[in-house]
Asker: 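Here you go, one structure.
Atom set for the values below is all heavy atoms of this structure, side chains included, hydrogens, waters and symmetry mates excluded. In this text the structure is predicted, and so the values were computed from the model without any measurement.
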Amino acid sequence: MTETHDTAAGAGAGADLTGHAGELAVAVARAHGVETMFTLSGAHVFPMYDGAVKADPPMRLLDVRHEQTAAFAAEATGKLTRVPGLAVLTAGPGVTNGISAIAQAQFAGSPMVVVGGRAPQNRWGSGSLQELDQPPIVASVSKHAATIATAAEVLDGVDHAFRVARASHRGPVFVDVPMDEFFSSASGPVPTGGRVAGAEPDADAVAAVATLLAAATRPVLILGTDVWADHAEEAALRLVEGAGVPTITNGMGRGLVPGGHPLLVTKARSKALKEADLVVVVGTPLDFRLGYGVFGDPEHPARVVHVADSPGQVAAHATLAASVSGDLTRVLDSLLAALERGNRPDWAGWVGDLQDTVRAAVERDRALLTAEADPIHPARIYGELAPRLADDAVVIGDGGDFVSFAGKFVEPKRPGGWLDPGPYGCLGAGLGAAIAARIARPSSQVVLLLGDGAAGFSLMDVDTLVRHDLPVVMVMGNNSAWGLEKGPMQMLYGYDVAADLAPRTRYDEVVRALGGAGETVTDPRQIGPALDRAFASGVPYLVNVITDVEAAYPRATFGI
């Protein structure tokens with residue numbers, strides 16, 4: 001698995017540097033391990049481009065067709081590499097176009113730094129082009145948002161941005177620099193960069209969690225995105241296997257326990273969370289995806305433990321039996337050590353019950369995954385796709401109903417191979433994430449799962465894939481509707497409005513017009529051959545599968 005290094009050789013970290021503010025900012029980003037700058041051309045940030053071109057070695061410039069794609073690519077880079085992604089957005093609409101991606105990063109805990117252009121300070125208040133005080137707009141959806149007022153403050157200001165972004169709990173940081181200061185010169189030492197260490201967990205809090213776990217008869221462990229983000233994937237698997245605890249994964253926690261592992265019971269999720277007497281949730285919020293932290297049944301509620309990477313992430317709304325925060329590797333290894341020092345609990349019977357449920361679910365799923373229905377059932381797509389995925393594939397979800405099926409049927413074999421919008425639920429992130437994934441994992445399969453609705457937000461950036469020679473396999477479930485809204489509206493009102501799209505749109509022809517390739521599939525027997533052609537093509541390729549709008553994903557919650 002390719003990882004971006006925490007520090008970059010040749011960046012000059014620690015040495016004195018003289019240059020314009022763009023050169024200084026690029027040097028700091030390089031010291032923190034940044035290898036690619038995602039952007040859309042704008043004069044307010046020209047010094048950043050000049051700094052990238054003149055760096056030794058030059059920093060890669062990846063220009064897109066919409067600023068949202070640049071920001072989503074930076075957000076996905078932070079998720080995949082665990083080094084903050086860098087988006088550089090020009091002033092005014094360039095910055096505001098990136099705000100949805102910044103908000104997604106805030107909700108998902110994705111480390112990223114956004115550097116914005118800003119109208120010149122020496123003309124401030126006189127109405128220069130795109131004069132807008134941007135930090136107050138971004139502040140509510142970021143860890144930190146500020147203006148770096150002078151070129152002399154850029155080295156420290158950009159370094160601070162990266163350190164805040166990559167410290168637990170990770171997230172986005174926004175800084176802007178006035179245009180006149182961006183072109184001005186300054187000098188000073190380049191910061192050394194590097195990863196920010198997590199906090200030492202409280203030993204008594206860890207011991208309390210271990211005591212609860214040892215006393216449980218039907219425990220369930222839930223592993224989420226922050227386990228991956230905190231570099232705790234090895235510790236997580238050590239705990240699962242060492243303790244023998246049944247486990248459910250979500251978000252970028254998917255793959256921490258490899259698909260098919262006997263202790264991975266995500267397919268028995270309903271039974272596990274209803275019958276558990278203790279649920280230990282690690283690295284993910286107790287939000288709508290987890291019933292707000294209420295498990296078990298009303299008469300026999302499960303005790304709940306919340307483990308987070310930082311104190312502010314521990315749920316305040318849920319009734320907790322215990323909680324602990326800190327570096328997640330230390331927490332998980334300490335839990336395992338405590339269990340091994342005591343009487344080892346025997347959960348074999350409980351695990352066996354859940355494994356029986358998993359096997360039954362797999363058997364039930366088989367009918368959908370091989371369905372010959374006309375129109376095509378969306379599950380059939382995953383029946384064809386899953387066997388074709390390599391262990392190191394990166395799978396990206398950008399859609400509603402269609403991607404919900406992916407969560408049910410795709411179980412990654414390795415950590416760091418699944419990207420979805422996270423709890424913010426933002427459509428349009430997919431093309432940016434695909435760009436980031438192809439750069440971060442150049443030898444891996446990159447598969448973008450697109451709903452036809454989601455595609456409308458960003459499909460133009462196939463042009464970016466083509467221009468930068470970034471082959472990606474795009475698989476579309478095209479039901480000609482906003483499926484996630486159509487069904488619930490019919491349930492509520494008996495009708496739906498504003499939920500239909502043009503039927504059977506040839507999105508593959510759009511991709512071909514932009515320089516890629518693709519095809520439309522209406523016969524379920526042709527899905528597999530079409531996927532084979534896509535993987536073999538070496539170009540951005542869209543398999544546009546026409547699916548049944550009536551085959552909605554069966555969901556128990558609408559996120560409220």
Side-chain angles (χ1 to χ4, degrees), residues 198-228 230 232-250 253 256-257 261-266 268-269 271-286 290-291 293-297 300-311 313-315 318-355 357-358:
E200 184 72 34
D202 180 79
D204 290 339
V206 173
V209 175
T211 299
L212 287 167
L213 192 53
T217 58
R218 297 181 307 280
V220 174
L221 178 66
I222 299 177
L223 300 175
T225 294
D226 292 336
V227 178
W228 163 257
D230 211 34
E233 64 273 17
E234 293 180 3
L237 190 57
R238 281 195 295 268
L239 174 62
V240 171
E241 294 183 334
V245 61
T247 302
I248 294 168
T249 58
N250 79 354
L256 292 169
V257 182
H261 193 288
L263 291 169
L264 181 65
V265 297
T266 304
R269 173 189 173 114
K271 176 183 175 69
L273 297 184
K274 183 176 181 180
E275 298 183 12
D277 62 352
L278 177 71
V279 179
V280 180
V281 180
V282 184
T284 192
L286 299 178
L290 292 178
V294 177
F295 307 106
D297 62 59
H300 303 94
R303 289 171 295 178
V304 180
V305 171
H306 200 194
V307 180
D309 63 4
S310 55
Q313 293 302 301
V314 175
T319 301
L320 300 177
S323 66
V324 60
S325 64
D327 180 87
L328 293 180
T329 291
R330 298 176 195 171
V331 172
L332 297 173
D333 280 343
S334 296
L335 281 176
L336 179 57
L339 289 172
E340 290 177 336
R341 285 193 299 269
N343 294 322
R344 294 291 300 274
D346 182 4
W347 298 314
W350 169 235
V351 170
D353 287 347
L354 294 176
Q355 289 172 338
T357 303
V358 169

Asker: Please tell me if the side chains of V220 and L273 come closer than 4.5 Å, counting only heavy atoms from C-beta onward.
Answerer: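 Side-chain contact under 4.5 Å: yes.
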
Asker: Without swapping roles, check the side chain of D277 against the backbone of T217 for a donor-acceptor pair under 3.5 Å.
Answerer: yes

Asker: Hey, does V305 have a side-chain heavy atom less than 4.5 Å from the side chain of L320?
Answerer: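 With C-beta onward as the side chain, the pair stays apart.
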
Asker: Given side chains that start at C-beta, do those of R218 and L278 come closer than 4.5 Å, heavy atoms only?
Answerer: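 No - every pair of side-chain heavy atoms lies 4.5 Å or more apart.
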
Asker: Which heavy atom of T266 sits nearest a heavy atom of T249, and at what distance?
Answerer: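 T266 and T249 have their closest heavy atoms at OG1-N, 3.5 Å.
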
Asker: Are any side-chain N or O atoms of H306 and backbone N or O atoms of V314, one a donor and one an acceptor, separated by less than 3.5 Å?
Answerer: no

Asker: Would you say V282 and V331 make side-chain contact, with heavy atoms under 4.5 Å?
Answerer: no

Asker: Please examine the side chains of E200 and D327, heavy atoms only from C-beta on, and report whether any two atoms are closer than 4.5 Å.
Answerer: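 No, their side chains stay 4.5 Å or more apart.
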
Asker: Between L336 and L332, is the side chain to side chain contact (heavy atoms under 4.5 Å, CB included) condition met? List the steps.
Answerer: CA-CA 6 Å; L336 179 57; L332 297 173; over 6 Å; no

Asker: Could you tell me which non-hydrogen atom of G224 sits nearest to which non-hydrogen atom of N250, and how far apart they are?
Answerer: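 Nearest heavy atoms, G224 then N250: CA-OD1, 3.3 Å.
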
Asker: Counting only heavy atoms from other residues, nucleotides and ligands, does the tally under 6.0 Å from CD of E234 exceed 12?
Answerer: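 Counting other residues, nucleotides and ligands, CD of E234 stays at 12 neighbours or fewer.
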
Asker: Within the side chain of E275, is there an N or O that forms a donor-acceptor pair under 3.5 Å with the backbone of G296?
Answerer: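 No.
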
Asker: Return the minimal non-hydrogen interatomic distance between G198 and R330, and the atom names on each side.
Answerer: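 Result for this residue pair: O-NH1, 3.7 Å.
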
Asker: Do D230 side-chain atoms and L328 backbone N/O form a donor-acceptor pair below 3.5 Å?
Answerer: yes

Asker: Can you tell me how far CG of L256 sits from OG1 of T225, rounded to the nearest 0.5 angstrom?
Answerer: 9.0 Å

Asker: Do E241 and H261 have a side chain donor and acceptor closer than 3.5 Å?
Answerer: yes

Asker: Could you tell me whether the side chain of L290 reaches within less than 4.5 Å of the side chain of T284, counting heavy atoms only?
Answerer: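 Contact flag for T284/L290 side chains = yes.
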
Asker: Heavy atoms, side chains only, cut-off 4.5 Å: are D353 and V351 in contact?
Answerer: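 No, side chains not in contact.
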
Asker: Considering only heavy atoms from C-beta outward, does the side chain of S325 approach that of Q313 to under 4.5 Å?
Answerer: no

Asker: Please determine whether side chain to side chain contact (heavy atoms under 4.5 Å, CB included) holds for the pair T329 and R238, giving the CA-CA distance in whole Å, both sets of side-chain angles, and the decisive distance to 0.1 Å.
Answerer: CA-CA 10 Å; T329 291; R238 281 195 295 268; 4.3 Å; yes

Asker: Locate the shortest heavy-atom distance separating Q355 from P262; write the atom from each residue and the value.
Answerer: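 Looking at all heavy atoms of both residues, the shortest contact is NE2-O, 2.9 Å.
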
Asker: Is there a donor-acceptor pair closer than 3.5 Å between any side-chain N or O of W350 and the backbone N or O of V245?
Answerer: no

Asker: Under the side chain to side chain contact (heavy atoms under 4.5 Å, CB included) criterion, do L286 and V294 qualify, and how do the steps go?
Answerer: CA-CA 9 Å; L286 299 178; V294 177; over 6 Å; no

Asker: Considering all heavy atoms of both residues, which atom of P345 and which atom of A214 are nearest to each other, and what is their separation?
Answerer: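 Minimum heavy-atom contact is CB-O, 3.9 Å.
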
Asker: If you apply the rule side chain to side chain contact (heavy atoms under 4.5 Å, CB included), what do you find for L221 with L223, and how did you get there?
Answerer: CA-CA 7 Å; L221 178 66; L223 300 175; 3.9 Å; yes

Asker: Out of curiosity, I248 CD1 to L263 CG, how far, rounded to the nearest 0.5 Å?
Answerer: 12.0 Å

Asker: Thinking salt bridges, do D297 and K274 make one under a 4.0 Å N-O criterion?
Answerer: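 No, D297 and K274 are not salt-bridged.
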
Asker: For V227 and A236, work out which heavy atoms get closest and say how close.
Answerer: CG1-CB, 3.7 Å

Asker: Determine yes or no for a side-chain-to-main-chain donor-acceptor pair under 3.5 angstrom, with D346 supplying the side chain and A348 the backbone.
Answerer: yes

